[in-house]
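To keep things clear, I will list the structure first and then write my remarks on it.
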Amino acid sequence: MPPTLGTARASVPLPTGCRAIAHSNIALAKYWGKRDRELNLPDVPSLSLTLAGLTTSTWVRFDRQLVADELVLNGSKVDGPAASKAVALLERVRQAAGINLRARIESSNDFPTAAGLASSASGFAALARASVGAAGLDFSSRELSDLARSASVSAARSIFGGFVTLEAGAFFAEPLEVANDAEQLRMVIAVTERGPKAVSSTAGMLHTRETSPYYPAWRDGAPLVHRELREALVAGDLHRAGAAMEHSTLAMHASMFAARPALIYFNAATLSAIQAVRELRAAGAFAYFTIDAGPHVKVLTLSEDVSRVNERLSALPGVIRVLISGSGGGARLTEDA
Ligand code: PMV
C-alpha cells in the first residue's frame, strides 16, 4: 500500500527556500523493468549501496511571482522528461500541502549527469527532500521514498543511507542492517565515456520488456538473486554478495542484448574493465563489478584493496577517470538555504 501523503499540513508562511543533499546509489541487485508504468512501480526487487562521494545539492522555493515551475540543472534551464518528472513530483507536494504556488528548483551534481552514474537517483531524492521542506511539510522517510520513487524508482533508495532494499511492486524503499565489516566496502567507478547516455533507463527497460525473449527469465530470476545478496550481506559473506552482484548485472544486460534491436550500453573499455576485475580477483583482491544503463564499471572492493583496483582501472585505455566512494548517508536538509 502506498503511504498516505498529506497528513501533515503546510505551516504558513512558507519558508523562503530549502536546500537538501542526496547521494547517488549503485544497485548491487538491479532494478530493470516496470510493473506499473503509470504508478512507476518496479517489476523486480533491488538492493543498493548509497555512495557518499556522488552528491546532488538541490534548492527549492515556492514563489508567488512564478507562473510555471522552473528547473535549473548544473546552471542550465532544463525542459523535457526530467522537467516533467520534477513538475509531477512538485504537484504531489502541492496537493499534500494544499498550496498552488509554482516553484524554482536549482540543482547541481558533483559528478557526470545522466551518464549511468545514477544522477536521477540522487537528483529526485534531493528534490523530494527539499520540496517537502520548502512546502513546510514534515514527511516520514517512507513518504519521502515514495515521493522520490514516483519520479525515479532508484531515487526511492537514495532517501536512505548505507544498504537499501526495494521490493518488487513496492512504493518505498527500506534500509538494510548488515554485518559490520560492510563499512570497509568501497565502490571504485571507472568512467569510460563523456556525456549523457544514448538511451534513457526508462526507454531501455520498456524496450527490453516489450521485445526481449529473455525479459521473463530476468524478471523471474531477480527475486532469488536479491534474496541471495541480502542474506550474504546480512551474514557478512562478502564474496557471496559479490558473486550475486555480478550475476544480477550480467543477467540484466543479457536481457537487453536479446532485445530487438539489441540494447548494448557497453563500450570497449567496459569489457576491458570487466576483464581487469576478474584478473584482480584471481590475484587475490576483493573486487566484483556491476554496470548500469551506461558503459561505466563500478567495482565493489574493500578499503585495503582500493589502491590496487584504482591503479589497475586507471591504466586501462578508455578509462577517462576513476571515482572512489564509501557508503553515504540518506537525503537530508542542509543549513545553507
Ligand atoms: O530508476 P532509474 O530510472 O534511474 O533506473 C535505474 C536502473 C539501473 O540503474 C540500471 C538499475 C538500478 O537499480 O539502479
Side-chain angles (χ1 to χ4, degrees), residues 22-37 39-51 54 56 81-82 84-86 88-89 109 111-128 145-160 163-168 170-173 176 187 189 196-209 215 218-219 222-223 225-226 229-230 244-257 259 263-266 270 289-298 300:
H23 303 299
S24 180
N25 71 76
I26 300 299
L28 281 61
K30 299 297 186 197
Y31 146 64
W32 193 253
K34 295 182 192 296
R35 176 164 294 184
D36 184 311
R37 206 180 156 185
L39 290 173
N40 204 33
L41 297 175
D43 213 8
V44 296
S46 57
L47 198 161
S48 59
L49 179 62
T50 301
L51 296 183
L54 287 79
T56 298
S84 329
K85 285 181 181 180
L89 189 155
N109 296 326
F111 61 95
T113 300
L117 290 175
S119 57
S120 69
S122 52
F124 287 113
L127 177 61
S145 180
D146 175 50
L147 180 63
R149 181 215 35 84
S150 64
S152 161
V153 167
S154 57
R157 302 186 308 239
S158 273
I159 294 297
F160 301 97
F163 287 102
V164 184
T165 180
L166 178 66
E167 300 304 314
F171 285 81
F172 52 84
L176 179 74
M187 200 64 90
I189 303 175
K197 58 193 169 200
V199 181
S200 74
S201 44
T202 296
M205 62 182 82
L206 293 176
H207 176 66
T208 309
R209 191 180 168 164
Y215 181 80
W218 151 252
R219 183 197 53 214
V225 185
H226 178 263
L229 178 69
R230 186 187 177 129
M245 177 179 102
E246 287 194 355
H247 177 66
S248 175
T249 195
L250 291 174
M252 177 186 82
H253 283 281
S255 75
M256 301 184 213
F257 294 164
L263 182 55
I264 303 176
Y265 283 107
F266 292 11
T270 313
F289 63 84
T290 186
I291 301 146
D292 288 283
H296 317 300
V297 179
K298 292 117 186 188
L300 187 70

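Both counts, for ligands and for their atoms, begin at 1 and track the order of listing. One-based numbering along the sequence shown.
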Problem - Distance-only polar pair, side chains of Tyr31 and Asp292, donor-acceptor under 3.5 Å - result: no
Practice task
Taking only heavy atoms of Ala27 into account, list the atoms of ligand 1 that are under 4.0 Å away from them.
Solution key: 12 (C), 13 (O), 14 (O)
Practice task
State whether the shortest distance between N or O atoms of Asp292 and N or O atoms of ligand 1 falls below 3.5 angstrom.
Solution key: yes
Practice task
Check Ile159 against Ser145 and note the closest heavy-atom contact, atom names and distance.
Solution key: CG1-CA, 3.6 Å
Handout entry: Per-atom contacts of ligand 1 with Ala293, taking only distances under 4.0 Å to non-hydrogen atoms
Key = 10 (C)
Handout entry: ligand 1 versus His253: contacting region, heavy-atom distance under 4.0 Å
Key = neither
Fill in the blank from the handout: Under 4.0 Å from one or more heavy atoms of Ser152, ligand 1 contributes atoms 1 (O), 2 (P), 4 (O)
Expected list for residues 200-207: side-chain donor-acceptor pairs under 3.5 angstrom, two or more places apart:
unit_1	atom_1	unit_2	atom_2	d
Ser200	OG	Ala203	N	3.1
His207	NE2	Pro261	O	2.8

Handout entry: For Trp32, the ligand 1 atoms whose distance to one of its heavy atoms is below 4.0 Å
Key = 10 (C)
Problem - Short N or O distance, Ser154 and ligand 1, threshold 3.5 Å exclusive - result: yes
Practice task
Return a yes/no value for Ser201: is any of its N or O atoms, backbone included, closer than 3.5 angstrom to an N or O of ligand 1?
Solution key: yes
Exercise for the section: Report the residues that fulfil side chain to side chain contact (heavy atoms under 4.5 Å, CB included) with His253, sequence neighbours left out, ordered by chain and then residue number. Expected result: Thr249, Met256, Phe257, Tyr265, Phe266, Ile291
Handout entry: Exercise: do Asn40 and Ser150 side chains pair donor with acceptor under 3.5 Å
Key = no
Handout entry: Nitrogen or oxygen atoms of Ser120 and ligand 1 under 3.5 Å apart
Key = yes
Handout entry: Flag for Thr50-Arg157: side-chain donor and acceptor within less than 3.5 Å
Key = no
Exercise for the section: Pick whichever of Met256, Lys34, Arg157, Met205 has a heavy atom sitting closest to atom 14 (O) of ligand 1. Expected result: Arg157
Practice task
Classify the side-chain pair Ser120/Ser152 by whether it contains a donor and acceptor separated by less than 3.5 Å.
Solution key: yes
